[in-house]
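Notes to accompany the following structure.
Convention: sequence-line order gives letters A, B, ...; per-chain numbering from 1. Worth knowing before you read on, the calculation uses all heavy atoms, side chains too, and leaves out hydrogens, waters and symmetry mates. Nothing here was measured: the structure is a model prediction, and the numbers come from that model.
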Protein chains: 2
Amino acid sequence: MEFITDQSAGYLVNHLARLFARQLQDRIKPLGLTTGTFPALLVLWEGDGLTQRELIDRLDIEQPTLANTLARMERDGLVIRKKDAVDARAQRIWLTDQARALRAPAIAAAMQVNSEALAGLTEAERDQFLALMRRIIAGMQKDALDEVEDRQETG
Amino acid sequence: MEFITDQSAGYLVNHLARLFARQLQDRIKPLGLTTGTFPALLVLWEGDGLTQRELIDRLDIEQPTLANTLARMERDGLVIRKKDAVDARAQRIWLTDQARALRAPAIAAAMQVNSEALAGLTEAERDQFLALMRRIIAGMQKDALDEVEDRQETG
DNA sequence: TAGCATTGCATTCCAAGCTATGCAAGTGTT
DNA sequence: AACACTTGCATAGCTTGGAATGCAATGCTA
């Protein structure tokens, strides 16, 4: 059985993700940001005051991963957490002014990474690439969901 | 400035990489393997007795990352490290019988993950997807190399 | 309303990746 | 030969990601 890395989607995706992460990190480090905060920030920039649970529902990330990320973000002055008025278990996440101010430069950095990465592709190829990824992601998420449901029925 | 995650290559690649990693981990955990060992194993299965340096040259991974991975692999009985006869600094990496025996099932697992992930695509779309990734990777590696060279000239 | 199940979050422990640094062994230069 | 430089690897410390677990607050149900 042969395994050719150049023809393995998983291998290439992993490699590509590391290349993107390195690029993004280089560009947002001067802003005092790290890559892991990015997904959470993108959601919060659209509207903060969410609970951790609400954030998780918008990010395909495990709860402990987000909890850790939020802890680092609080330590670094990007967010503050206030107890929910109604539900004493929940904490609502609020952006600091500092985090709000970083929105424009951070997004500019990310968009620049994207455009440089895809610079060798035509407009059509870029669209194709994004569309293919969206379809693969949707399929894999569905598969994962089905597996969870199967386990619940069986177990 | 807008940022739409569905149209961000970096965001989608990161997400996709996590989905692939979860799938692969589920499948190779029963074999006693973890995802991080995979790239090194793929090289070593083609021929072991390499030094760490030679492995790094075949993997776009930083040296400390590989050193850690090899330490875990040695701990788990996948490889042994023997001092090089000529160069006392270098250590040559040898697969154990156990690691050799895992080749077929591990590769089968990875190929299954790939084919399930791409199941919703036509043959042509799969080829396109892989080809696009290869081109983007090549471009980003070239960019990264150029930056290093620029820094050396300047600094 | 008492007891049980669920929910929201934190904590622990691990893998995997990175940067920065250290150090011993080899190489090259004068 | 002495010195500086380079190379090969290890270590420390961090982020990002996950699984497993714990626990308090809430919700449900008999």
Report task. For Thr37(A) and for Arg89(A), locate the closest nucleotide of DNA chain D by heavy-atom distance; then report the residue assigned to the nucleotide nearer the 5' terminus. Result -> Thr37(A)
Report summary line: To the nearest angstrom, the CG-P distance between Leu59(B) and dC18(C) comes to 11 Å
Query - Protein-nucleotide distance (Gln23(A), atom CD; dC18(C), atom C1'), rounded to Å - result: 14 Å
Query raised in the report: Do Ile61(B) and Arg18(A) have side-chain heavy atoms sitting under 4.5 Å apart?
Result: yes
Requested in this report: Considering just the side-chain nitrogens and oxygens of Arg81(A), establish if one lies under 4.0 Å of OP1 or OP2 belonging to dA10(C).
Outcome: yes
Report task. Could you state the atom-to-atom distance from NZ of Lys29(A) to P of dT15(D) in whole Å? Result -> 11 Å
Requested in this report: Please tell me which of the listed nucleotides, dA10(C), dG17(D), dA20(C), lies nearest to the side chain of Pro64(B)?
Outcome: dA20(C)
Query raised in the report: Separation of Ile56(B) atom CD1 from dG17(C) atom P, in whole Å?
Result: 13 Å
Query raised in the report: Rounded to whole angstroms, how far apart are CG on Asn68(A) and P on dA20(D)?
Result: 17 Å
**Report entry** Residue met sooner reading DNA chain D from 5', once Arg75(A) and Ala88(A) are mapped to nucleotides
**Finding:** Arg75(A)
Query - No-H, no-angle donor-acceptor pair, Glu62(A) side chain to dA19(D) base, under 3.5 Å - result: no
Query - base_contact_polar (dA10(D) base, Gln63(B) side chain, donor-acceptor, <3.5 Å) - result: yes
